[in-house]
Amino acid sequence: MRAAILLGIALVLGVTAYVFQLDRTDDHGRVVVIGLDGADWDILDPLMEQGRLPHLLAIKERGTCGPLMTLQDIPLSPVIWTSIATGKGPAEHGITWFLVDQQDGSRAPVRSSNRQVAAIWNILGTQNRSSAVVGWWATAPAESIAGVMISDALGYHGFGRAGIGIPDDQKTFPADEWDAARGLMPPLQQIDHSFARRFFHLSADEYALQAHRGADQEDAQNPVHLFQQALVTTEGYIAITRRLLEKRNHDLFMVYLESTDSLSHLFMKYAPPQQEWVSTSDFERYKDVVDCYYEYVDGLIGGLLETVTERDTVLVISDHGFRIGDARPLSRDTVDIRGAHLDHEPEGILLAAGPSIRKGHTIEGASVLDITPTLLHLLDVPSARDMSGKVLLDLWEAAERQRRPVRWVDSYEPLVLDSPSPPLSEQSFDDEAALEQLRSLGYVGDDSVTETEVEEIPSSPEQHNNLGRIHLSNQDWSDAVAAFEQALALDPDNAEALTNLGTVAMQRGQAEEALRWYGRALQANPNNVDAILQIAGLRTARNELPLAESMYRQALALEDRLPPPYIGLGDILQRQGRQEEARQVLEQALALDPRSIEAHYNLGVVYMALGQAEKARQSFEKTLSLESQHAFAHNNLGHLLHKVGETEEALEHLQQAAAADPHHFESRFNLGSILLSQAKPQESLPFLQEAAALRPDLEIAQLRLALAHLQVGDFEEARSRYEVLTRLFPGSAEACLQLARIAMTQADPNQARAWLDLALQRAGPRLRSLIQADPELAAIPEGE
């Protein structure tokens, strides 16, 4: 799709967008959507029980609630909130990162023009509906929509000042909304000690040392300063939304509050219970910030609810959850961009209340992709079949679902841009102070893109790399390669793109080609940890363990903040029999990410090797608590349980392992073997047949299957399999011994003698004493 089709997305299907008139005759109420980034039920539920979130609790009790599953491919806020607003994933909507490159070589926050599909506010404009959108990610420059758009360029968004380089008249639509909106955004200095002491346990002097004192005092690593930025943005967006709710009768209102997530990133590490690596002084200063902030936001939501009528529907949603308690990762930095994703949980929140919403109901299986289709249905607008999400019909009682069935259109695309958003000023995003803020937070490196040929629509190597990784996860290799090549077109020495092309080669089974790409990545950036880790993984697959260990240790020397180098090194040490070293390394990985599935599983393997069965069992059970379909953990737990005589529970875990992975050999082999030992050969046969098919090269699997056929009385099948085994494994005696037994049951002593002699020839004198101790084999007559 060419860039000219994608710019702006102000109009859909050629409909002119103006502020919606109020003379419609529809009888539906308004829909109000409140986005709380990072909100999690594990945070909200205890506060509700304490009576500290009365307004959110009222919504919950009046309506339906439940978990809301996030995106797995690219769990970044601009990506997820754009998916929420479109019902489509990043491969379709095109927003895959925070920043884009400009034609002058500078960088800017991702733009509304980067979105490649219609958002719900575009769709509603074609359906005689209007929207009021406040602070939503990637909405600057403001689009010309049916209604009002207050873009995310007004406040502070994630990485600091969001609107630098965007003219004021492009920050809102209509442009004359700017003055009123700006007047409702409080200054940083308004968040003074008298206000902040409800959150912090800081003296007035301590607070003053860290508080904002002017533009020249901005500090991207100062938690109090960042707190001030979050607070003024939240207060401003809520005040603007309330004004719009009171002033205009729009159909849909959407307001996004990032601060619940950003302040959790800053201060959740200090929340009770105190973590070992948090000092007592910091714990005392900041321990209540997160809970008190949610209490404060609940009060703001209460103010919005004062403008909502009984005919209106309210939704409160989050893009993902947030880790608390023992699940929190180790994080000593004030702002930790590289490790921020470790703070997140995959399930966010959904609350819905309104005249047609079920009361006191819990919904399951909802996804962020379901929000736009559901909102369209709420507003009596058809949903689109090309959206990735579904209408959450479980929000309504059966009678309501029957009265108002879902209506569908095939698509609201393609977009026709009759009136794109106005072009940005030449200034773009070249403010050095803001760029330095991006560098300090980790979004921009010192090797940022300089003057490079770019498309009409600004993009960035990171955007293309992230899109390529989505295609890679779907094994859409040609699309992945195209995306990575686009990244290289913007930055020919982009080590991430070169590494990703190596990963494509690896998935295609081209190991040498992969090594060449990884080598190029390291030439472009010798400190590229991802390339080093990929080479280490390739060395591991080749059983080149000392080389792999060296690579993992190099990666750790460069980046000791994230778990993968520790997990890889622990695996290598375990394979080399250095179990105690492996244990220590894997425990470091778990300190960084207490919910690392791979680290818990690998630690279980280490404990098994150390003979510490109970600790191994605990590690595998923890693995399964995080990923219930982990086939290897089920298998190993089944093995441990069988060893201590808990055979029935062992069989259950082995069956779950087999069900979780159709290619998992060990669970099928173990199931068949245990059932065979229980004199249940008929039940063992299906599992042993599958195991033998998965590993035709493994003698023990073929022997066990032949034995099962023998025990069910299928002598011909057993004989045939054993004969094949004597040819496949010419050094093996076991198949010969079994053939000797079969020959005796068929009254053919001469044939039995021949097979027994062949077994002795293969195994040597050591077998003779075993034969004499076996009455069946000892009864075979000597040959002439």
Side-chain angles (χ1 to χ4, degrees), residues 19-24 26-37 39 53-65 85 120-121 124 129-136 139 145-152 154-155 172-174 176-186 231-260 294-318 349-357 359 371 374-375 378-380:
V19 176
F20 191 71
Q21 301 301 309
L22 305 181
D23 58 356
R24 66 180 187 273
D26 305 83
D27 61 357
H28 61 75
R30 302 174 301 177
V31 176
V32 180
V33 179
I34 303 169
L36 299 181
D37 202 310
L53 306 180
H55 302 103
L56 286 170
L57 179 61
I59 298 172
K60 180 180 180 181
E61 291 178 339
R62 284 181 52 225
T64 289
C65 68
I120 188 169
W121 46 83
L124 292 178
R129 300 284 189 272
S130 70
S131 308
V133 182
V134 179
W136 212 264
T139 51
I145 67 170
V148 175
M149 176 168 285
I150 310 298
S151 76
D152 60 337
L154 265 72
T172 66
F173 179 85
D176 60 14
E177 286 286 335
W178 161 247
D179 286 334
R182 178 180 57 180
L184 292 172
M185 297 293 293
L231 262 288
V232 298
T233 303
T234 297
E235 288 227 339
Y237 285 169
I238 289 290
I240 293 167
T241 304
R242 177 160 184 160
R243 171 181 172 271
L244 292 172
L245 278 163
E246 293 171 341
K247 180 182 178 183
R248 298 182 189 265
N249 194 20
H250 299 295
D251 299 274
L252 175 67
F253 293 80
M254 302 174 71
V255 57
Y256 165 70
L257 304 179
E258 183 191 33
S259 54
T260 42
Y294 269 95
E295 189 173 15
Y296 162 75
V297 168
D298 182 81
L300 296 179
I301 291 172
L304 288 184
L305 294 180
E306 292 175 0
T307 67
V308 172
T309 72
E310 61 183 14
R311 295 174 59 240
D312 299 333
T313 299
V314 176
L315 272 74
V316 182
I317 58 175
S318 67
I349 67 163
L350 168 63
L351 298 95
S356 64
I357 302 297
K359 307 298 189 292
I371 297 302
T374 302
L375 291 175
L378 267 168
L379 293 166
D380 201 25

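Throughout, numbering of the chain's residues begins at 1 and tracks the sequence. The figures here come from the full heavy-atom set of this structure, side chains too, leaving out hydrogens, waters and symmetry mates.
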When rounded to the nearest 0.5 angstrom, what distance separates CG in Asp312 from CZ in Arg30? 4.5 Å

Between Glu177 and Ile150, is any pair of side-chain heavy atoms under 4.5 Å apart? yes

Looking at CD of Glu306 and CD of Glu246, how far apart are the two atoms once the value is rounded to the nearest 0.5 Å? 9.0 Å

Using modelled atom types and a 3.5 Å cut-off, is there a donor and acceptor pairing between side-chain atoms of Thr313 and backbone atoms of Gly354? no

Nearest non-hydrogen partners of Leu154 and Arg182, listed with the distance: CD2-N, 4.4 Å

Closest contact, heavy atoms only, Ser259 versus Thr234: OG-OG1, 2.6 Å

Taking all non-hydrogen atoms of both residues into account, name the closest pair between Trp121 and Trp136 and its distance. CH2-CD1, 3.9 Å

Of all heavy-atom pairs between Tyr294 and Asp37, which one has the smallest distance, and what is that distance? OH-O, 4.5 Å

Working note: Glu235 + Tyr296, criterion side-chain hydrogen bond (donor to acceptor under 3.5 Å, both in side chains); need CA distance, chi angles, decisive distance, verdict. CA-CA 10 Å; Glu235 288 227 339; Tyr296 162 75; 2.5 Å; yes

Does Glu310 CD have over 12 foreign heavy atoms under 6.0 Å away? no

Side chains of Pro186 and Leu231: closer than 4.5 Å at any heavy-atom pair? no

Please check: side-chain N/O of Thr307 versus main-chain N/O of Leu304, any donor-acceptor pairing under 3.5 Å? yes

Return the OG1 to CE distance between Thr241 and Met254, rounded to the nearest 0.5 Å. 11.0 Å

Atom pair OH/CD1 of Tyr256 and Ile317 - distance to nearest 0.5 Å: 10.5 Å

Taking every non-hydrogen atom, the tightest pair across Asp251 and Ser130: OD2-N, 2.8 Å

So, taking the atom named CD1 in Ile238 and the one named CG in Leu300, what distance separates them when rounded to the nearest 0.5 Å? 5.0 Å

Side-chain contact test, heavy atoms from C-beta onward, threshold under 4.5 Å: evaluate it for Leu244 versus Val255 and give yes or no. no

Close side-chain approach of Pro174 to Val148, heavy-atom, < 4.5 Å: yes

Between Ser131 and Gly147 (side chain of the first, backbone of the second, donor and acceptor by atom type, cut-off under 3.5 Å), is there such a pair? no

Ignoring hydrogens, what is the shortest heavy-atom contact between Ala353 and Ile59? Give both atom names and the distance. CB-O, 3.7 Å

For Thr139 and Asp152, indicate whether the former's side chain and the latter's backbone hold a donor-acceptor pair under 3.5 Å. yes

Interatomic spacing from CG in Leu315 to CD1 in Ile357 - rounded to 0.5 Å: 6.5 Å

